[in-house]
Peer 1: 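Mind having a look at this structure? Questions to follow.
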Number of protein chains: 2
Amino acid sequence: MSATTRRFPTQEELRVWRDFLETGDLVRAELTARLQQSSGLSPGDYAVLLALSEAVGQRLRSSELAATIGWERSRLSHHLGRMEKRGLIRREECLTDNRGHEVVLAPEGLAAFQEATRPHLRDIRELFVDALTPDQLAAAGQIAAALRAHLVRG
Amino acid sequence: MSATTRRFPTQEELRVWRDFLETGDLVRAELTARLQQSSGLSPGDYAVLLALSEAVGQRLRSSELAATIGWERSRLSHHLGRMEKRGLIRREECLTDNRGHEVVLAPEGLAAFQEATRPHLRDIRELFVDALTPDQLAAAGQIAAALRAHLVRG
DNA sequence: TCAAGCTGATTGACGTGTCAATTATGCCCG
DNA sequence: CGGGCATAATTGACACGTCAATCAGCTTGA
């Protein structure tokens, strides 16, 4: 088969591509709605609260928190501003570095997180794990790995 | 195995879940960056322009356009405002229904779309189709179908 | 006919994300 | 010491998305 005939995806390949992405979005959207419903938290809130709840003293420097959850600092800064307004976290001066801030888990934040966790994990099982056969679950992992490897290699 | 032991996902299942979603995002992000790079268009712009380019007279009523690309009307309205400012589309009064508007593909929009299409399709092939074996591609389709079916059934 | 309600589309408020610029502080080296 | 660079974090401008409210024009039924 010549290079020319393989230049563009077929209709079927495009369909799989769109299905693949859109389905991920649909599952994510449903999970987000349930999380919101059960706890009033967004996925971003949940990620922040999870990281803080696991930190010693339930506090982290902003940049450590950003690294832990894999966010850009400016994104985190904006998000923390919104979470602080809602009383989920506090920001305190950092004693060892006057430039830095420590993000502290507030009681309201801990409560919301604890309330969210079990239903959230159950929902992940329900919407993702239970929807797939063991073979499909394994395939999903391999597909993700293959896509990532291809991305990195270029 | 008791119901209790299966209440929550295992570490491995959670890892696959996160990998699956994050990888989709990574691929999408790379594709978005390339589209932006090559044509200055966002995925939303591209969807709108694709629908318009295929419409007779390269024009559509707002609500038909929204239905075609599966967007809420308010989302479309906001997006069209931004696209109109950039000269990619125009909005005209609808002759048969004074409430309605027609969205018209502008020359700049057509040019940008035509410039975007080939590289975009090539990128989808490169980043998605070529990354997977035929088996994996088929599995991806089946996984998406299984997740969707599970979502609908509840 | 005309008030009541339906529909097409826009708008405003706000949450979320990126990028670039800014501010303040720490640190290093001549 | 102190000028210059690196680092911590925030800020502002903007793109994008959802939801609820709004507004204008169509449509219908007593």
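Predicted model, so just to flag it, every value in this text is computed and none were measured. Each chain gets a letter, A, B and so on, in the order the sequences are listed, and its residues count up from 1.
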Peer 1: Need one value for S77(A): base, sugar-phosphate or nothing, where a base atom within 4.0 Å counts as base even if backbone is also close, heavy atoms only.
Peer 2: base

Peer 1: For a 4.0 angstrom threshold against heavy atoms of chain B, report the outermost contacting nucleotides of DNA chain D in 5' to 3' order.
Peer 2: dA15(D) to dC26(D)

Peer 1: How long is the line joining CZ of R82(B) and P of dG17(C), in whole Å?
Peer 2: 16 Å

Peer 1: For a side-chain contact (heavy atoms from CB on, under 4.5 Å) with L52(B), tell me which candidate from L110(B), V104(B), L60(B) qualifies.
Peer 2: L60(B)

Peer 1: Out of dT10(C), dT18(C), dT7(C), which has the shortest distance to the side chain of S74(B)?
Peer 2: dT10(C)

Peer 1: Side-chain donor-acceptor pairs under 3.5 Å in residues 62-75 of chain B, sequence neighbours left out?
Peer 2:
unit_1 : atom_1 : unit_2 : atom_2 : d
T68(B) : OG1    : E64(B) : O      : 2.7

Peer 1: Answer with yes or no whether R99(B) presents, from its side chain, a donor or acceptor under 3.5 Å of a partner atom in the base of dA9(C).
Peer 2: no

Peer 1: Are L49(B) and L76(B) linked, directly or through intermediate hydrophobic residues, by side-chain heavy-atom contacts shorter than 4.5 Å (ILVMFWY only)?
Peer 2: yes

Peer 1: So F20(B) and F20(A), would you call those rings parallel, tilted or perpendicular, with 30° and 60° as cut-offs?
Peer 2: perpendicular

Peer 1: Given atom CD of E64(B) and atom P of dG8(C), what is their separation to the nearest angstrom?
Peer 2: 10 Å

Peer 1: Could you state the atom-to-atom distance from CG of D25(B) to C1' of dT16(C) in whole Å?
Peer 2: 14 Å

Peer 1: For H78(A), report the nucleic acid contact type (base, sugar-phosphate, nothing); a contact means any heavy atom under 4.0 Å.
Peer 2: base

Peer 1: Strictly below 4.0 Å: does R91(B) bring a side-chain N or O up to OP1 or OP2 of dT10(C)?
Peer 2: yes

Peer 1: Which of these nucleotides, dG26(C), dG17(C), dT16(C), is closest to any side-chain atom of N98(A)?
Peer 2: dG26(C)

Peer 1: Given H79(B) and D45(B), is the side chain to side chain contact (heavy atoms under 4.5 Å, CB included) satisfied, shown in steps?
Peer 2: CA-CA 8 Å; H79(B) 204 93; D45(B) 299 335; 2.7 Å; yes

Peer 1: Nearest-Å distance, CD (E84(B)) to P (dA9(C))?
Peer 2: 14 Å

Peer 1: What is the distance, to the nearest angstrom, from the CG atom on L65(B) to the C1' atom on dG8(C)?
Peer 2: 13 Å

Peer 1: Identify which nucleotide among dG26(C), dA9(C), dG17(C) has an atom closest to any side-chain atom of H79(A), counting heavy atoms from C-beta outward.
Peer 2: dG17(C)

Peer 1: Rounded to the nearest angstrom, tell me the gap between atom CD in E22(B) and atom C1' in dG17(C).
Peer 2: 16 Å

Peer 1: Whole angstroms only, please: what is the CG-P distance between L80(A) and dT16(C)?
Peer 2: 12 Å

Peer 1: Among the clusters formed by ILVMFWY side chains lying less than 4.5 Å apart, do V48(B) and L21(A) turn up in the same one?
Peer 2: no

Peer 1: Atom CD of E93(A) to atom C1' of dT23(C): distance rounded to whole Å?
Peer 2: 14 Å

Peer 1: Donor-acceptor pair under 3.5 Å: do we get one between R75(A)'s side chain and the base of dT18(C)?
Peer 2: no

Peer 1: Is there a side-chain contact between L14(B) and I124(A) in this structure, where contact means two heavy atoms from C-beta onward sitting under 4.5 Å apart?
Peer 2: yes

Peer 1: Map D97(A) and R86(A) onto DNA chain C by nearest heavy atom, then report which one ends up closer to the 5' terminus.
Peer 2: R86(A)

